[in-house]
Amino acid sequence: MSDNIWGYQPTAGHTAGTDLIGYKVEATDGSIGKVDKHSDDVSSSYLVVDTGVWIFGKHVLLPAGVVRTVDQAARTVFVDLTKDQIKGSPEFDKDKHVGDTGYHQQVGGYYEGHRPR
């Protein structure tokens with residue numbers, strides 16, 4: 001497992017530069033939505049997932065470190081979190097997201113506490 005919650009795990013199978021927009025996202029207990037945005041920036045890689053009607057159109061920010069695997073053929077991203085863990089995540093704030101280190105620490109801290117060890 002990557003020590004950095006904002007970096008992809010070496011075993012995730014993600015190649016930097018691959019466009020993940022539109023990929024399905026699967027939690028450990030089922031589908032949670034589709035990738036709406038993503039970034040491969042070193043030390044701040046993430047996915048923004050549109051959960052659709054599952055949690056009333058909420059967008060969630062998932063640090064790349066929670067990605068277990070990326071299946072290119074199936075266009076699916078599998079994450080090491082349950083639906084409830086994702087549902088309980090801090091609200092995605094597109095205005096704070098860019099350049100707000102406090103917000104990134106809050107989100108990263110939440111997911112650090114929920115990653116399998």
| message | If you compare all heavy atoms of Ile5 against all heavy atoms of Gly108, which two are closest, and at what distance to 0.1 Å? | response | CG2-CA, 4.0 Å
| task | Report the residues that fulfil side-chain contact (heavy atoms from CB on, under 4.5 Å) with Ser89, sequence neighbours left out, ordered by chain and then residue number. | result | Lys58, Val60, Tyr110, Tyr111
| said: Suppose we screen for side-chain contact (heavy atoms from CB on, under 4.5 Å). Which residues come up paired with Ser39, at least two apart in sequence or across chains? | reply: Asp41, Tyr46
| message | Please check this pair: side chain of Thr82 against backbone of Gln85, looking for a donor-acceptor N/O pair closer than 3.5 Å. | response | yes
| What's the verdict on side chain to side chain contact (heavy atoms under 4.5 Å, CB included) for Thr18 and Gln72, showing C-alpha distance, side-chain angles and the deciding distance? | CA-CA 9 Å; Thr18 302; Gln72 302 291 341; 3.3 Å; yes
| task | Hey, could you give me the CZ/CG distance between Arg75 and Asp19, rounded to the nearest 0.5 Å? | result | 7.5 Å
| Leu81 and its side chain to side chain contact (heavy atoms under 4.5 Å, CB included) partner, picked from Leu62, Val25, Thr28 | Leu62
| query | Who passes side-chain contact (heavy atoms from CB on, under 4.5 Å) against His104, sequence neighbours left out? | reply | Trp6, His97
| Has the side chain of Thr11 got a donor or acceptor atom that lies under 3.5 Å from a matching backbone atom of Gln9? | no
| Where Ser43 and Asn4 come nearest, the two heavy atoms and their spacing | CA-ND2, 3.4 Å
| query | Among pairs that include at least one residue of residues 13-35, which meet ring pair (Phe, Tyr, Trp, His ring centres under 6.0 Å), considering only residues two or more places apart or in two chains? | reply | Tyr8-His14
| said: My understanding is that only residues two or more places apart in sequence, or in another chain, count here; which of them pass ring-ring contact (aromatic ring centres under 6.0 Å, His included) with His59? | reply: none
| request: Of all the heavy-atom pairs spanning Ala27 and Lys83, show the shortest one and how long it is. | output: CB-N, 3.9 Å
| remark: The complete set of salt bridge (charged side-chain N to carboxylate O under 4.0 Å, His left out) pairs with one or both residues in residues 59-74, sequence neighbours excluded, reads Arg68-Asp80
| request: Would you please name every residue forming a ring-ring contact (aromatic ring centres under 6.0 Å, His included) with Tyr103, sequence neighbours left out? | output: none
| field | Separation of Leu20 CG from His38 NE2 (nearest 0.5 Å) | value | 4.5 Å
| query | Do Asp40 side-chain atoms and Gly17 backbone N/O form a donor-acceptor pair below 3.5 Å? | reply | yes
| message | Applying side-chain contact (heavy atoms from CB on, under 4.5 Å), can you list everything that pairs with Lys37, at least two apart in sequence or on another chain? | response | Val48
| Leu47 side chain reached by Ile21 side chain, heavy atoms, under 4.5 Å | no
| field | From Ile32 atom CD1 to Ile86 atom CD1, the distance as rounded to the nearest 0.5 Å | value | 3.5 Å
| query | Any ring pair (Phe, Tyr, Trp, His ring centres under 6.0 Å) pairs touching residues 63-88, not counting sequence neighbours? | reply | none
